[in-house]
2 protein chains.
Amino acid sequence: MKMSRQVPLNALRVFEAVARLSSFTRAGEELGLTQTAVSYQIKLLEENIGEPLFLRRPRQITLTETGERLLPKVSQGFDLLGEAVVAARRASSEILILHSTPTFAQQWLTRRLGTFQFRHPQIAVRLVTGARIVDFHTETADIAIRWGTGDWPGLISQHLMRLDFAPILSPALAETHGGIREPADLLKLPLISPSDPWWKHWFKAAGVPDPNLDTLTPNDFGVQTFDAAAAMAGQGVAIVNPAHYADDIAAGRLILPFDLLCNDGRDYWLAYAESRRNVPKIRAFRDWILEEFAGADACSKTEKCI
Amino acid sequence: MKMSRQVPLNALRVFEAVARLSSFTRAGEELGLTQTAVSYQIKLLEENIGEPLFLRRPRQITLTETGERLLPKVSQGFDLLGEAVVAARRASSEILILHSTPTFAQQWLTRRLGTFQFRHPQIAVRLVTGARIVDFHTETADIAIRWGTGDWPGLISQHLMRLDFAPILSPALAETHGGIREPADLLKLPLISPSDPWWKHWFKAAGVPDPNLDTLTPNDFGVQTFDAAAAMAGQGVAIVNPAHYADDIAAGRLILPFDLLCNDGRDYWLAYAESRRNVPKIRAFRDWILEEFAGADACSKTEKCI
DNA sequence: CTTCATGGATCAGTTCTCTTGATGGCGGCA
DNA sequence: TGCCGCCATCAAGAGAACTGATCCATGAAG
C-alpha cells in the first residue's frame, strides 16, 4: 500500500497502545485486534525505525531507550489527532445549517423553530435565507427548504406542504368599489406585484379571461412577505400562500375573498444530500419538521388547479 | 481492516495534504497516490466526521468551516508524529551500542575506536563490557564482540580474529631458576590463574604430562588484562592471547618463550541480529572492523592445536 | 520437579481495504 | 465550441493486514 509512506501511522497507533498497556495482548484487545496483528505491526515499526522498541522480557515487555524517546511525542500526536476529530464530529453535530426561502423562514420557521430547539437543545440552527437554490456541493449547508417539484438528483426530497396561492386583501379595501363578489372584481383594485405569474394562473382558474398582465418578471419569492404587508395596509390585492397568513385571516386583518386555491405543481420540499441522510442532526431536523406538518395537515384543505 | 478503528489515520493524513495544497490532484502527487485514491480517502473522512470538509468549487476546492476547524490540530498532530519518528530514526542511527568482552575492549577496541569515530563522526559508540553474553532479545544492543564458536541462531557472526593462547612472562622472571628452555620449565614458576583451562590445553599441546592443575573455575575472561599486568610485573607466568600484547612483547616488557600458540576452537566473532544486518550504523561498524582485521591479518601467524 | 498458565513469535491462508485506470461531468478559457 | 483542468464514479485487482493454529520460553503452582 502506498499509504504508509514515510510514517507508518497504524503501526504508531499500535505502538502507543502497547507502550501504554505494556502488553501486546492487551493492546490488541483495546484496539480490537489479535495479538498476532499487534506483533506484526510492532515488528513493522521496528524495522521502519531501525531499532527495537521493546525488550521482550519473559512476562512483560519494556520500552527500549528508543521506544522511550518515541513514546511521548507519539502519544501527544495521537491525542491531538483524536481531539481534532472528536471536536469536529461534535461541532458538526451541534450546528445545523438550514437554508430556506425567505418567506417560509419568516412565516413558518421563525414561529416554530423554538420547539425544535427545545427538543434538541444541543443543536444550534443557523438559518440562511435567500432566493437562490443552494448547491450542497459548493456551499456549506446541511438541509434546505425549497420550492419546486422535488426531483433533485443526489438529494432526498420530502414533501412539506402544498404551496397554494390565492388573492388576499384587507377588509377595508374589500368594501370599496362596491365590494368583491366575483373574481373579476379584483381587477378593479390595484394588484400588488402584478407581474407575478401566479395572477395569470389564478385568474385563469377562476374563469376570468386573460387580464393581460405583464408576467415578464419571474416570481422570485423574496417579496411575498412584503406583498402581504402591503395588502394588510390596504394598498391593494396580493397573491400569496394563504396558509402562511392563516393567523392574519383569522384575526380579520386580511380576508381571503374566494376559496379557490391554486397550485402550479411546485410545493415546499425538504431537501438534503442523500449521502448524509443518516447524519444525526439531519435526521433530527427532518423528523421534527415532518412531525410538525403531520400535525398541521388536517387544517390545510387545498384544491389543486392547473 | 480493523485498523482504522475510530480515527481514520490515513484519511487524516490525506486530508492534511489536500488542505495544505488545496488540490486533490497535487496532494496525490505529494503522497504518491492517484487522485482517485485521494478522493476516496476524503470521502471516507467526510463520512466519518459526518460533514463535508471541502467545498468543490469549479477550479479549486475550499475548506468548509468544519475542515477549517479540523486542520490546525491535525497538522500539528502529524508534525509531532513525524518529528517523533524522524528523531527516533536519527537517534537510532547516531548511537551504536557495542558489547564486548572486557579484554578485547581494553586491548583492541580502545586503541582503534578512534579511527571509527573519525570515519563516522555522527555515530557515537557506547561501549558496554561484560563477561556475560548479551541477548539481543532482552537487552539493548546493536552489535557484540564475542568469544565462541560463532554459531548463534538468529545472529550473523563474522570472524574477527583467532583467539590463541600461550604463556607469557617478564624477561626478568625468565632469567630466574636457570631460565626457560622447555615448556616444562614453566612449572617451576608461579602460574597466574592456574585454574584457567587454557593451561591444560597448552601443556598438553606442548607434550608436558598432565600438570595436575585445578580447572574448576571456568575461564571467565574478565581477568586476562590483570593476568598480563601481573606477568609484566614479574609475579608469574600468565596464559593469554599474545596478539593482544604484541606491543609489550616487541618492547621487551614481556616475552613469549615458545612459539606454540594454542586455540581451543573458540575465536572472536562479531555478532548482530540477522534482521538488522542492513541498519546503517551496524553496516558501518561491521565494515570498519572487518577492514581493520583484513589489514592486520598478515601479521597474525597462528597454529591451531586441539 | 513436573505441570500449568501467561505472553510473544511464527506461519500460512484469507479477507477486504485501498489503489488503479478508464470514464464522465462540469466549468473556464481561448 | 472545443479543449483543458479538476474532481467523482465504477469495476477490478493487488497486496497489506488480519486471523487461527501452533510453538516456545518463562515463571508460578502443586
Side-chain angles (χ1 to χ4, degrees), chain A residues 1-5 7-15 17-19 21-48 52-64 67 135-139 153-155 273-276, chain B residues 1-5 7-15 17-19 21-48 52-64 67 135-139 153-154 273-275:
Chain A
M1 91 179 200
K2 290 270 177 59
M3 194 82 260
S4 297
R5 270 227 110 40
V7 182
L9 295 176
N10 291 330
L12 278 178
R13 166 156 54 192
V14 173
F15 165 73
V18 171
L21 300 170
S22 290
S23 158
F24 283 35
T25 310
R26 263 168 300 164
E29 281 162 16
E30 176 177 293
L31 296 168
L33 310 170
T34 58
Q35 173 265 338
T36 313
V38 174
S39 179
Y40 172 78
Q41 293 287 347
I42 294 297
K43 180 187 282 188
L44 221 61
L45 183 59
E46 290 182 330
E47 269 165 25
N48 182 291
L53 297 169
F54 294 100
L55 295 176
R56 277 74 165 177
R57 313 200 129 281
R59 295 180 80 79
Q60 80 180 31
I61 52 176
T62 330
L63 281 167
T64 60
D135 177 359
F136 288 98
H137 227 54
T138 57
E139 288 171 77
L155 302 185
E274 194 173 352
S275 58
R276 303 184 64 210
Chain B
M1 96 177 200
K2 292 271 178 59
M3 195 81 257
S4 295
R5 278 233 102 43
V7 182
L9 295 177
N10 291 330
L12 278 178
R13 166 156 53 193
V14 174
F15 165 74
V18 172
L21 300 171
S22 291
S23 159
F24 283 35
T25 310
R26 262 167 300 157
E29 280 161 17
E30 176 176 296
L31 296 168
L33 30 100
T34 59
Q35 172 266 334
T36 312
V38 174
S39 178
Y40 172 80
Q41 293 288 346
I42 294 297
K43 180 188 281 189
L44 221 62
L45 184 59
E46 288 180 332
E47 269 165 25
N48 181 292
L53 297 169
F54 294 100
L55 296 176
R56 277 73 166 177
R57 313 198 130 283
R59 296 183 78 77
Q60 79 181 36
I61 52 175
T62 330
L63 281 166
T64 61
D135 176 0
F136 288 97
H137 225 55
T138 56
E139 287 171 78
E274 194 173 352
S275 57

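Convention: sequence-line order gives letters A, B, ...; per-chain numbering from 1.
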- Message: Using a heavy-atom cut-off of 4.0 Å across all strands, would you classify Ile42(B) as base, sugar-phosphate, or nothing?
- Response: nothing
Within this structure, what is the [atom1]-to-[atom2] distance between [X] and [N], rounded to whole angstrom?
X: Arg13(A); N: dA17(D); atom1: CZ; atom2: C1'; value: 13 Å
X: Asn48(B); N: dT17(C); atom1: CG; atom2: P; value: 14 Å
X: Leu45(A); N: dA16(D); atom1: CG; atom2: C1'; value: 16 Å
X: Leu9(A); N: dA17(D); atom1: CG; atom2: C1'; value: 15 Å
X: Glu29(B); N: dG5(D); atom1: CD; atom2: C1'; value: 12 Å

- Query: Taking OP1 and OP2 of dT17(C), is either one under 4.0 Å from a side-chain nitrogen or oxygen of Gln41(B)?
  - Reply: no
- Message: Using side chain to side chain contact (heavy atoms under 4.5 Å, CB included), reason through Phe54(B) and Thr64(B) one step at a time and then give a plain yes or no.
- Response: CA-CA 5 Å; Phe54(B) 294 100; Thr64(B) 61; 5.6 Å; no
To the nearest 0.5 Å, tell me how far [X] [atom1] sits from [Y] [atom2].
X: Glu29(B); Y: Leu21(B); atom1: CD; atom2: CG; result: 9.0 Å
X: Glu30(B); Y: Arg26(B); atom1: CD; atom2: CZ; result: 10.5 Å
X: Ile42(A); Y: Ile61(A); atom1: CD1; atom2: CD1; result: 7.5 Å

Can you give me the N/O atom pairs linking the protein to nucleotides 6-12 of chain C at distances under 3.5 Å, or say none if there are none?
{"unit_1": "dT6(C)", "atom_1": "O4'", "unit_2": "Arg59(A)", "atom_2": "NH2", "d": "2.9"}
{"unit_1": "dG8(C)", "atom_1": "OP1", "unit_2": "Phe24(A)", "atom_2": "N", "d": "2.8"}
{"unit_1": "dG8(C)", "atom_1": "OP2", "unit_2": "Thr25(A)", "atom_2": "N", "d": "3.1"}
{"unit_1": "dG8(C)", "atom_1": "OP2", "unit_2": "Thr25(A)", "atom_2": "OG1", "d": "2.4"}
{"unit_1": "dA9(C)", "atom_1": "OP1", "unit_2": "Arg56(A)", "atom_2": "NE", "d": "2.5"}
{"unit_1": "dA9(C)", "atom_1": "OP1", "unit_2": "Arg56(A)", "atom_2": "NH2", "d": "3.3"}
{"unit_1": "dA9(C)", "atom_1": "OP2", "unit_2": "Ser39(A)", "atom_2": "OG", "d": "2.9"}
{"unit_1": "dA9(C)", "atom_1": "N7", "unit_2": "Gln35(A)", "atom_2": "NE2", "d": "3.1"}
{"unit_1": "dT10(C)", "atom_1": "OP2", "unit_2": "Lys43(A)", "atom_2": "NZ", "d": "2.9"}

- Can you figure out which of dC18(D), dA17(D), dC18(C) approaches the side chain of Leu33(A) most closely?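 Of the options given, the side chain of Leu33(A) lies nearest dC18(D).
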- Any Leu12(B) side-chain heavy atom under 4.5 Å of Leu9(A) side chain: no
- Message: In the structure I gave you, are the side-chain heavy atoms of Leu63(A) and Phe15(A) within less than 4.5 Å of one another anywhere?
- Response: yes
